[in-house]
Amino acid sequence: MVSQGDVVSYLEMCADFGVNLQRGMNYRLRGDESIILMSLRRGAPYADRIEDGGRVIIYEGHDIPRTQGGPDPKDVDQPEFLPSGRLTQNGLFLDAVRRFKLGRAPAERVKVFEKIRAGIWVYNGLFKLVDAWQETSDRRQVFKFKLEITEQAPEIGTSSTAAADDDRVIPAAVKIEVWKRDKGSCVKCGSRENLHFDHIIPYSQGGSSKDAENIQILCSRHNLEKRDRIE
């Protein structure tokens, strides 16, 4: 079971769900769990973004597959349906939003993982899918999906009010800077396994998620030992 801020390899992420994750959008991949994989790195193929201090993700839908002799996927409207008439992943997520807005179903719960470098991902948390729309991008139509973070149980030692009032997701640029600075290992013992992005000064006590100097990498053992203490 991953927690917000946990660092996982691609293989670990796949093993956790028992499948080989081949695409970024995965509707009800296992039971009632939906998963999206996002990236805010330079050169990322889709224009995903984070808003409202990490509480909101605007996720771009996905293109048609690239095929030999076929059109450039970036020149084609993102599809809602497959040639067979079945829904694409865009269509499945869009249908979930429609059912939610009509009051026929609760908001779809989506686990969000963010790529910070090749083969390395961070769990951004559990979000609910609340809206979707189409917009024009470079003369074609793309889907946008709005996800809001769920109010999960606060970290040990925090109050739910304080946690809800502050930044919830560490910005991608900060994660990448910290990963490079700490050399992808626990600052306490050098372990490269079971890693977690940790707030040195907890955000419940005024610590910032946006300042790399307040973020460090800890292994699970040292993260649990630290809990909410300021060292």
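By convention here, the first residue in the shown sequence is residue 1. Quick note: numbers below take in every heavy atom, side chains included, and nothing from hydrogens, waters or symmetry partners.
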Side chains of Tyr123 and Asp16: any donor to acceptor distance under 3.5 Å?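 The criterion, which ignores hydrogens and geometry beyond distance, is not satisfied for Tyr123 and Asp16.
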
Looking just at side-chain N and O atoms, do Ser3 and His196 make a donor-acceptor pair shorter than 3.5 Å?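 Per modelled atom types, Ser3 and His196 side chains form no pair under 3.5 Å.
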
Listed by chain and number, what are the ring-ring contact (aromatic ring centres under 6.0 Å, His included) partners of [X], not counting sequence neighbours?
{"X": "Tyr27", "value": "Phe93"}
{"X": "Phe143", "value": "none"}
{"X": "Tyr46", "value": "His62"}

Side chain to side chain contact (heavy atoms under 4.5 Å, CB included) between Arg41 and Arg117, worked out: CA-CA 8 Å; Arg41 301 191 311 160; Arg117 61 172 296 175; 4.1 Å; yes

List the atom of [X], the atom of [Y], and the distance in Å for their closest heavy-atom pair.
{"X": "Glu193", "Y": "Cys219", "result": "O-CB, 3.9 Å"}
{"X": "Ala132", "Y": "Phe145", "result": "CB-CD2, 3.6 Å"}
{"X": "Glu12", "Y": "Val8", "result": "OE1-CA, 3.4 Å"}
{"X": "Lys115", "Y": "Trp121", "result": "N-CE3, 3.2 Å"}
{"X": "Asn124", "Y": "Ile149", "result": "O-CD1, 4.2 Å"}
{"X": "Ser208", "Y": "Ile215", "result": "O-CD1, 3.9 Å"}

Kindly indicate whether the side chain of [X], heavy atoms from C-beta on, has any atom under 4.5 Å from the side chain of [Y].
{"X": "Val142", "Y": "Arg140", "result": "yes"}
{"X": "Leu92", "Y": "Thr88", "result": "no"}
{"X": "Leu11", "Y": "Cys14", "result": "no"}
{"X": "Asp138", "Y": "Asp75", "result": "no"}
{"X": "Thr150", "Y": "Phe127", "result": "no"}
{"X": "Ile36", "Y": "Asn26", "result": "no"}
{"X": "Tyr59", "Y": "Met25", "result": "yes"}
{"X": "Leu21", "Y": "Leu29", "result": "yes"}

Do any pairs count as a salt bridge (Lys or Arg N to Asp or Glu O under 4.0 Å) and have a residue in residues 172-181, sequence neighbours left out, and if so which ones?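 Qualifying pairs, neighbours excluded: Glu114-Lys175.
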
State which residue, out of Lys101, Lys146, Arg98, fulfils the salt bridge (charged side-chain N to carboxylate O under 4.0 Å, His left out) condition with Asp131.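 With Asp131 as partner, Lys101, Lys146, Arg98 yield a single salt bridge (charged side-chain N to carboxylate O under 4.0 Å, His left out), made by Lys101.
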
Could you measure the distance from the [atom1] atom of [X] to the [atom2] atom of [Y]? Nearest 0.5 Å is fine.
{"X": "Ser137", "Y": "Asp77", "atom1": "OG", "atom2": "CG", "answer": "10.5 Å"}
{"X": "Ile116", "Y": "Ser39", "atom1": "CD1", "atom2": "OG", "answer": "10.0 Å"}
{"X": "Ile64", "Y": "Leu82", "atom1": "CD1", "atom2": "CG", "answer": "11.5 Å"}
{"X": "Leu40", "Y": "Asp48", "atom1": "CG", "atom2": "CG", "answer": "6.5 Å"}
{"X": "Asn90", "Y": "Glu80", "atom1": "CG", "atom2": "CD", "answer": "8.5 Å"}
{"X": "Phe81", "Y": "Leu87", "atom1": "CZ", "atom2": "CG", "answer": "5.5 Å"}

Taking it one step at a time, do Leu126 and Arg109 satisfy side chain to side chain contact (heavy atoms under 4.5 Å, CB included)? CA-CA 7 Å; Leu126 181 65; Arg109 291 158 64 89; 3.0 Å; yes

Check the pair Glu225 / Lys188 against side chain to side chain contact (heavy atoms under 4.5 Å, CB included), numbers first and verdict last. CA-CA 11 Å; Glu225 286 179 358; Lys188 300 292 186 183; over 6 Å; no

Is the side chain of Arg28 donor-acceptor paired with the backbone N or O of Ile35 at a distance under 3.5 Å, no angle test?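 Answer holds: no.
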
Taking Asp198's backbone N and O only, do any of them form a donor-acceptor pair with Gln216's side chain (distance below 3.5 Å, no angle check)?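 A pair under 3.5 Å: no.
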
Determine, stepwise, if the pair Glu33 / Lys111 fulfils salt bridge (Lys or Arg N to Asp or Glu O under 4.0 Å). CA-CA 7 Å; Glu33 290 184 338; Lys111 291 184 174 180; 3.1 Å; yes

Would you say [X] and [Y] are hydrophobically clustered, going by side-chain heavy atoms of ILVMFWY under 4.5 Å?
{"X": "Leu94", "Y": "Phe100", "value": "no"}
{"X": "Phe197", "Y": "Val187", "value": "no"}
{"X": "Ile57", "Y": "Val130", "value": "no"}

Take Lys74 and Asp63 through the test salt bridge (Lys or Arg N to Asp or Glu O under 4.0 Å) and record every step on the way to the result. CA-CA 7 Å; Lys74 295 299 182 185; Asp63 302 333; 2.8 Å; yes

Taking transitive links into account, so neighbours of neighbours count too, which hydrophobic residues share a cluster with Val56 at under 4.5 Å side-chain distance?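 Ile58, Trp133, which link up through side-chain heavy atoms under 4.5 Å apart, make up the rest of the cluster.
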
Taking salt bridge (charged side-chain N to carboxylate O under 4.0 Å, His left out) as the definition, give me every residue that meets it alongside Glu213, ordered by chain and number, with sequence neighbours left out.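 Residues passing salt bridge (charged side-chain N to carboxylate O under 4.0 Å, His left out) with Glu213: none at all.
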
Quick one: do Glu108 and Lys128 satisfy side chain to side chain contact (heavy atoms under 4.5 Å, CB included)? Show the steps, please. CA-CA 5 Å; Glu108 185 70 18; Lys128 54 185 179 180; over 6 Å; no

Decide if atom CD of Gln141 counts as having more than 12 heavy atoms of other residues, nucleotides or ligands within a radius under 6.0 Å.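 Yes, the 6.0 Å shell around CD holds more than 12 heavy atoms from other groups.
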
